[in-house]
2 protein chains.
Amino acid sequence: MARVGVESIRRQQLIDATLEVIEIHGFQGATIGKIAAASELSVGIVSHYFGGKQGLLEATMRYLLSCLQEDASKLMAGQPNTPRECLMAIVDANFSGVQTHAQSAKTWLAFWTQAMHSPELMRLQRVNERRLLSNLIFHLRKLMPGESAQATAQTLAAMIDGFWLRAAMSEGRIEPDQAVALCKTYIDQAIKANNGASE
Amino acid sequence: MARVGVESIRRQQLIDATLEVIEIHGFQGATIGKIAAASELSVGIVSHYFGGKQGLLEATMRYLLSCLQEDASKLMAGQPNTPRECLMAIVDANFSGVQTHAQSAKTWLAFWTQAMHSPELMRLQRVNERRLLSNLIFHLRKLMPGESAQATAQTLAAMIDGFWLRAAMSEGRIEPDQAVALCKTYIDQAIKANNGASE
DNA sequence: CTTCGTTCATTGAACAGCCATTCAATATAT
DNA sequence: ATATATTGAATGGCTGTTCAATGAACGAAG
């Protein structure tokens with residue numbers, strides 16, 4: 001038998017196929033049959049490795065979240081990192097995946113929708129949301145009073161989600177550059193409007 | 001048969017039932033059978049009045065859009081209406097539906113997702129998006145240069161969508177008041193940051 | 001080197017359940 | 001009596017899951 005973890009290879013194959021199928025056919029149209037066909041594997045293997053369709057979907061969302069986190073880590077590593085630069089890097093990280101994978105925005109939206117009726121997916125979504133928010137607050141606190149930092153972080157988080165949503169909508173042609181620029185403009189506006197009040 | 005438009009009564013019955021079922025079971029779980037049961041009508045009547053499930057869903061989305069527009073009209077009518085007050089009213093209008101119908105956010109998200117794979121729903125979504133954007137730009141132009149107005153409008157639109165998304169996520173407990181407050185804070189920040197440059 | 005048996009990976013047809021749609025039958029109003 | 005409104009069982013298609021059969025890799029024995 002193949003010595004090197006066949007399991008991890010197959011799992012990734014199926015996750016990739018899932019993303020591919022969701023992009024084309026949407027969440028509703030993502031059937032085991034289509035996923036199996038896209039992965040060039042059989043339908044039975046899904047249950048074998050993930051216990052069922054739900055397991056595969058959860059694994060796929062975990063994979064997307066881990067990609068996002070990895071992007072963020074890369075961009076944050078080895079920078080001078082003034083608070084402002086950190087914030088800008090976070091914004092970049094949150095849109096870096098979009099450029100290469102225009103479809104990922106659609107997939108995210110599909111998962112958001114699905115998460116509302118699946119406790120496990122909801123939990124994953126919450127964890128990620130919390131992390132983004134506390135990251136933003138951590139850096140903003142160095143630039144403005146705590147209360148303003150809280151408000152600015154929530155506004156910025158909503159803005160990022162909103163641009164993702166818009167990206168998912170605008171069929172094919174999306175402009176992450178513009179979204180990043182607008183977010184950064186907002187950050188500078190917020191800093192200017194609030195600084196001098198704390199330090 | 002009943003002289004007064006039975007048709008419009010039945011149609012509204014089915015639309016209401018659709019919203020109810022989507023809220024409880026999600027978009028995927030919204031089957032003809034459940035909708036028929038919730039409306040206390042039969043399954044056959046859906047095809048009779050809407051031609052099929054897809055027709056019912058489109059009609060339901062149109063209904064939601066018309067509610068949003070109606071809310072907006074009410075809030076815009078009979079005000080002194082400085083440009084700034086108009087902007088604030090638009091923000092209020094975009095969150096006024098949330099308070100009474102916490103579940104409508106979930107339904108909106110479901111429709112957004114569905115819209116990506118249904119040209120007709122996508123068209124409706126686009127029309128609505130355009131209207132919001134051009135409304136915002138119209139009023140912002142009186143307060144800042146055209147380019148800034150464009151950017152501010154896009155940012156604000158994304159922000160509104162983002163807060164809706166967040167409202168849909170936070171199970172039950174949502175705070176539209178906070179979203180409105182943060183949007184308004186942003187508007188004032190944007191005005192302050194850009195005024196004096198144009199007039 | 002070849003053969004064979006064991007083990008794990010993989011297949012895909014069969015199955016049972018759910019869904020939207022249809023339409024002949026029924027009910028109701030004029 | 002006629003036209004319209006409504007029903008809901010029957011239908012056919014699609015879905016996720018299961019599991020007996022098949023295939024592939026490896027080590028041991030000859």
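To find a chain, count down the sequence lines: A is the first, B the second, and so on, and within it residues start at 1.
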Can you give the donor-acceptor pairs under 3.5 Å from side chains of residues 37-46 of chain A to other protein atoms, not counting sequence neighbours?
from    : atom 1 : to      : atom 2 : distance (Å)
A/Ser39 : OG     : A/Ile35 : O      : 3.2
A/Ser39 : OG     : A/Ala36 : O      : 3.0
A/Ser39 : OG     : A/Leu41 : N      : 3.4

Under 3.5 Å, side-chain donor or acceptor atoms of residues 146-155 of chain B against the rest of the protein: list the pairs with distances, not counting sequence neighbours.
from     : atom 1 : to       : atom 2 : distance (Å)
B/Ser148 : OG     : B/Asn194 : OD1    : 3.0
B/Thr152 : OG1    : B/Ser148 : O      : 2.8
B/Gln154 : OE1    : A/Gln178 : NE2    : 2.8
B/Thr155 : OG1    : B/Ala151 : O      : 2.9

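Residue A/Tyr49 places at least one side-chain N or O closer than 4.0 Å to OP1 or OP2 of C/dT10. Side-chain N/O atoms of B/Arg10 include one lying less than 4.0 angstrom from OP1 or OP2 on D/dT6.
A/Ile45 has its CD1 atom 5 Å from the P atom of C/dT11, to the nearest Å. A/Arg11 has its CZ atom 12 Å from the P atom of C/dA9, to the nearest Å. Atom P of nucleotide D/dA20 and atom NE2 of A/His48 are separated by 15 Å, given to the nearest angstrom. Nucleotide C/dA20 holds its P atom 13 Å from the CG atom of B/Leu14, rounded to whole Å. Between the C1' atom of C/dT21 and the CZ atom of B/Phe50 lies a distance of 16 Å, rounded to the nearest Å.
Under the rule for a salt bridge (charged side-chain N to carboxylate O under 4.0 Å, His left out), the partners of B/Arg11 that lie at least two apart in sequence or sit in another chain are B/Glu7.
Under a hydrophobic clustering in which Ile, Leu, Val, Met, Phe, Trp and Tyr are joined whenever their side-chain heavy atoms come within less than 4.5 Å, directly or via other members, B/Val180 and B/Ile187 fall into the same cluster.
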Polar-atom pairs under 3.5 Å, protein N or O versus N or O of nucleotides 15-19 of chain D: list them with distances, or write none.
from   : atom 1 : to      : atom 2 : distance (Å)
D/dG16 : OP1    : A/Lys53 : NZ     : 2.5
D/dG16 : OP2    : A/Ile32 : N      : 2.9
D/dT17 : OP2    : A/Lys53 : N      : 2.9

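Counting only residues at least two apart or in different chains, ring-ring contact (aromatic ring centres under 6.0 Å, His included) contacts with residues 23-56 of chain A comprise A/Phe27-A/Phe111. Evaluation of the side-chain hydrogen bond (donor to acceptor under 3.5 Å, both in side chains) test over residues 66-78 of chain B, restricted to residues two or more places apart or in two chains, returns B/Asp71-B/Ser96.
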